[in-house]
Amino acid sequence: MRDSTFKSALSDRTAKTFMGVLFGATLLVTLLNQIFPPDSALHVSAYTVTLLGKYLCYALLALALDLVWGYCGILSLGHGAFFALGGYAMGMYLMRQIGDRGVYGNAELPDFMVFLNWSELPWYWHGFDQFWFAALMILLVPGLLAFVFGWLAFRSRVTGVYLSIITQALTYALMLAFFRNELGFGGNNGLTDFKDLLGFSLQSDGTRVALLMATAISLAFAFVLCRWITGSKLGRVVLAVRDAESRARFIGYRTEHYKLWVFTASAILAGIAGALYVPQVGIINPGEFSPLNSIELVVWVAVGGRATLYGAVIGAILVNYGKTVFTGIMPEAWLFALGGLFVAVTVFMPQGIVGLVEKHWPTLKQRFMKSDSNDDRPSAQGEPS
Amino acid sequence: MSFSKSMKKLAAGVVASSAIVYSGAVMAADTIKVGVLHSLSGTMAISESTLKDTVLMMIEEQNKKGGVMGKKLEPVVVDPASNWPLFAEKTRELITKEGVDVIFGCWTSVSRKSVLPVVEELNGLLFYPVQYEGEESSKNVFYTGAAPNQQAIPAVDYLLNDLGVKRFVLAGTDYVYPRTTNKILEAYLKAKGIPEKDIMINYTPFGHSDWQSIVSDVKSFGSQGKKTAVVSTINGDANVPFYKELGNQGISAEDIPVVAFSVGEEELSGIDTAPLVGHLAAWNYFQSVYNDANEAFIDQWHGFTGDKKRVTNDPMEATYIGFNMWVKAVEKAKSTDTDKVADAMIGIQTPNLTGGMAVMNENHHLSKPVLIGEIQDDGQFAVVWETDGLVKGDAWSDFLPGSKDLISDWTAPIKCGNYNTKTKSCGGAAAE
Amino acid sequence: MGDTFSRILAACLLIMLTSLSWAEELLPEETAPPQTTEETPAEEIAAPLSIQDILNQLTERSFDMKEAAIRQLAEQDSPRVIPLLNALMERELVHNRENDTISLGHKADGEWQLLDPVSEQPIGTVNSRAARPVVINNRLRTVINNQLALFALNSDNSDARAEAAEQLIGNDDPDMLSALRLRRESEDNARVIEQIDTALNIAALSSDDLTTRLNAIDTLSRNLHPEVKNSLNDRLRNTEVDAEKVALEKALARIDARIENFQTADTIFFGLSLGSVLLLAAIGLAITFGVMGVINMAHGELIMLGAYTTYVVQQLLPNSNEWSLLIALPAAFLVSAVVGIFIERFVIRFLYGRPLETLLATFGVSLILQQAVRVIFSPLNRTVITPDWMSGALQINPVFSLTYNRLYIIFFALAVFLGLLTLLKKTRLGLQVRAVSQNRTTARALGIRSERVNALTFGLGSGIAGIAGVALAQLTNVGPNLGQSYIIDSFMVVVFGGVGNLWGTLTAAFGLGIANKLLEPMAGAVLAKILVLIFIILFIQRKPRGLFPQRGRAAEE
């Protein structure tokens, strides 16, 4: 039964369109980057490749949030924490890959430990020189934290605003903790100066493109997974929990189990997004835990339109593209624009861009009588020309 | 990688057959682009936006003089928004998309660390104008702020020798600059015979605002019968409440002086300084230094900002020196090519604003004078001590076990940022 | 009900005033020297030439030379000595670079108005850069202060004498000590005698006679002055006599035991103070969030607006720093309330019943406000001046003092809390607010204009945030990031206390404040904060609705 649901999730039209646009765009960028020489007008620079990679990581993160917020009604203001934890796990692996190429040439210890006089590697760094271990941790650490946190919170029926505030407290506490140099994660400087991943140099265009592809594939996989979760029986219970938790409970569903399941899955997806993000931007630091980041993330989802999945992806890409453009051309106006956007979207477009388009779609369709395959149009704006 | 190679082969074929090879139309540019990478929003905007204005002012001034090599300078300002990954991204944008020849930017260590791999990969040129913890020397970066031996060590010498201080509180914000500086100072003080129990180390988070307990601890630490001083590496925002608390708990500079490395004129412009008179700061420049170059610079700054009350500070002087050195180096190299300019930079001398000459050394750090000033009630510093000559910036501290054998020398035979003098090899301690 | 409030206010004011006069007696002020300058007839000049000559030595850069000049000046038998030493402290003695002389100077309109140091007659003006104040350092400042104290020791004012004697405690200059002994004989004021005795006993610690030393140690063991502990410790390191060692150790143990008690009191005070800051920051939120169910992320920025209003008021009234805060309070309330009402009318009105979405919209508003402040006032921090009556500390004894700004803020926070409580419980508006918050439909059916009540409630919550801003401006930076640093803590306080319950907010604020301060000495500032956060997270699991859960509309959600 599961299998068939998964298959159907894979083959339904939205998923197909989504994956079509996603892979189309990624492939185009890849080809333009690899085929044309750097001085060609058609060449897409490494800058654009990493930028797109970053957007897709954010999109994956937004997708994870949409799963809990849009479908389960849990407004997590701490998803940035799972993202950052995934990122740190990847960062630790990348740090260990530097080996003796650090400035002190110490093969045993990362640079920041050398100049803070650490004599040996802390126990929790062991194992991170193996990719399989790091990969496991990328899934396990955010997943476990979400599981424990969710188990406590959902069991005692912490809901709504209270849940939002304590998730915020969680990420805030983690931020403060990671800022501490004693913790052994590089303090404020975080982890940086990565050299290579699985033997491939992070500085080469090939690795960058490969990372972009990996991100796109993860995003597509996560999208299908989320479609499957939301389309399955479990998904329908989850929807019921969102709309009327007490009723669902009275009918006999252990609502906390369903919530916990979805929350943990979402945290793992966020962790994967973080892990893919770090090698592409080249740094992970406690700033990623900042509560403001998590709130901004919520806004991406709200802008795109929640409980649609692809809306979250569109929102994340659009807002971040806007950020890139505005901070370049008029840095002073950027916060006004972003702030205005938040207000406008929540007040006038409660269903986000996707909601707006869907609402007006019938009229638009009538007016233009065009094919209906391009309702993902806005995501195309994610590629800078 | 092999994937990339095969793609490239394929690409070569495609390109050759279609013969749409683009000859670089980039050459004909008649301006030199200068990237400005300072946060204009977010938490660091408070400090960094001043430096953006400084660079813009210097560019305007240089263009009035006819630019560089007959070409006008064109500033490209971006906002990395106090977001560290964004610093790396914007650097890439500046170098690859905008094609800038030099970047003036960064303030925090983490932003520099974030930018470093990008400028090295793309062979860009970065001038970093803020005092920092050292332990770094990149081929592509010129450090025009102070290294620890140009600020912290002379300041502690002053406390030891001139004020007779015997007990030290090392208070800092918990990040890499205070951590490293305090490690160095701790080693230095022990070498000077100060026992461990007479050194108290305290770290606080960024933006710490409740200093009651810590100030009270300092107070009781200071009442043990030995002259006590606080060496503060407390960062930006947290200073105002810290000094307010000191004033309110009645700790005057005569009892327990505080010498700060991150408090300059600009930080003081947000504080009522009357209760702080006599506390100290160590820098390479103070606005109150009296000479013609400095007066001219201050006038120019007031003219540029249209505000007679705007103060100048040490990172601005570092930007000033860095900018002038870059102009000189470009003219000497007759090119804006990174490698040529970087070679030409070493040995360049330009006037600093304290009445001497700044020299760029082979380790990409400057030789500068070190000044110690006391806070006055008008928010300025009065210089009470200065080094006899210039102090050469030390990229690698002699007081840290990991780096005492390392030197940086970017001139011909060595050409290395972390050359180990023991093993005679480039690449830190363990390289064979 | 207005009565109660005004009585509370009056009581607070009374406490403030009495403590103020108290403080003036006890506090050593660094800059204000004893006033003995009145009886200086300008004509009676003893040796005018020599004073000018001595002063001209101050053009030297070396501080040793300057110190010699100051000592020389102090020895002059002239009524000009004290005013000139004061002028040196106040940076009013300037070095005229045009003719390399020292004169008195006042800065006006970018120029120096120079006065003759002896006759105080104007001798012309020079460009602001042609003259510079004579630079003195800490050492010179101590020398000058000691000299001034020596003069003040014979002042007619007993406060000035006590202050002078305290300044001289710990000084081992024989001239000073003999001056102190001389004064001791004719002194009749108990406080001055106490200070002089402390000073003399400390000096007696280095006497050659063991009994003198032992007596001094015994007397000093009852004294908490930090200099006493300093000297005893110093002595302990240098003595070789066993009996003295034992006496010293006993004395120190006695002092330490007393200090420890006071330190506990200190910690509690610090906790109360932190609690009052949290209370101020959170109390407005307790209204908008607790009563109205709006998650106002722009709350911090409303606090920030209050702080900036203080700055603007002080700029507009440059000569009235002492009472400008009293104007700033209503002004800040108005500014933040008006902005709050705007936010309510144009944004929140559309979002009632969707609390999580108010979070997003107000977060947008907070970004806009922050950036607006950045554009208007620049990203730099602004200086807010602390009035004299708020600086310094209430010195209970030499080791225990309560800083005035924090003391006032504790009272102020409590006053705001009580005022708000009265407003909600005793006024018509309060009744309407409670009615609307409990059941909007019924309230409307009873004829309450819920729209108006919503706007006013939000305005009230915002206005209180503005008032909090005035208080916080006295403690921290006034800059665009001010709000952000309080918003998370405020939410923690409200949620921990129980949404919709003002008493809960009060308990939570002080509870968390004290807990934080108790943990801090053991765990350090950062870890203390993390532990408190973890505690809140776990506490919410146990009691999902906070300390004092509320029933009603907000509880349904």
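Numbers restart at 1 for each chain; the letters A, B, ... are given by sequence-line order, proteins then strands.
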Practice prompt. Go through the atoms of Arg157(A) and report whether side chain, backbone, both or neither lie under 4.5 Å from a heavy atom of chain C.
Written response: backbone
Worksheet item: So what's closer than 4.5 Å to chain C heavy atoms on Leu163(A): side chain, backbone, both or neither?
Response: neither
Response to the item:
Bottom line for Arg349(C): the part with an atom under 4.5 Å from chain A's heavy atoms is neither
Worksheet item: By a 4.5 Å heavy-atom criterion (distance strictly below it), what part of Leu531(C) contacts chain A: side chain, backbone, both, or neither?
Response: neither
How close do [X] and [Y] get, counting heavy atoms only, and between which atoms?
X: Ile488(C); Y: Pro291(A); value: CD1-CG, 3.2 Å
X: Leu176(A); Y: Val526(C); value: O-CG1, 3.8 Å
X: Ser156(A); Y: Pro544(C); value: O-CG, 3.1 Å
X: Ile165(A); Y: Met492(C); value: O-CE, 3.7 Å
X: Arg180(A); Y: Ile530(C); value: CD-CD1, 4.1 Å

Fill in: side chain to side chain contact (heavy atoms under 4.5 Å, CB included) evaluation trace for Phe346(C) with Val343(A)
CA-CA 10 Å; Phe346(C) 291 102; Val343(A) 176; over 6 Å; no
Using a 4.5 Å cut-off on heavy atoms from C-beta on, say whether the side chain of [Y] contacts that of [X].
X: Phe336(A); Y: Val375(C); answer: yes
X: Phe342(A); Y: Ile368(C); answer: no
X: Gln371(C); Y: Leu338(A); answer: no

Best-contacting candidate, [options], against chain A by heavy atom pairs under 4.5 angstrom:
options: Val495(C), Ile487(C), Leu369(C); result: Val495(C)
options: Leu533(C), Thr358(C), Ile295(C); result: Leu533(C)
options: Ile536(C), Leu527(C), Leu351(C), Ile534(C); result: Leu527(C)

Worksheet entry | Interatomic spacing from OH in Tyr172(A) to CG in Asp489(C) - rounded to 0.5 Å | 5.0 Å
Worksheet item: Looking at CD of Gln484(C) and CG of Leu292(A), how far apart are the two atoms once the value is rounded to the nearest 0.5 Å?
Response: 5.0 Å
Fill in: Residues Leu359(C), Ile295(A); criterion side chain to side chain contact (heavy atoms under 4.5 Å, CB included); working and verdict
CA-CA 9 Å; Leu359(C) 184 154; Ile295(A) 296 178; 4.3 Å; yes
Around [X], counting heavy atoms of other residues, nucleotides and ligands shown, do more than 12 lie under 6.0 Å from its [atom1]?
X: Phe147(A); atom1: CZ; value: no
X: Trp151(A); atom1: CH2; value: no
X: Arg247(A); atom1: CZ; value: no

Practice prompt. Could you tell me how the ring of Phe348(A) sits relative to the ring of Phe350(C): parallel (under 30°), tilted (30 to 60°) or perpendicular (over 60°)?
Written response: tilted
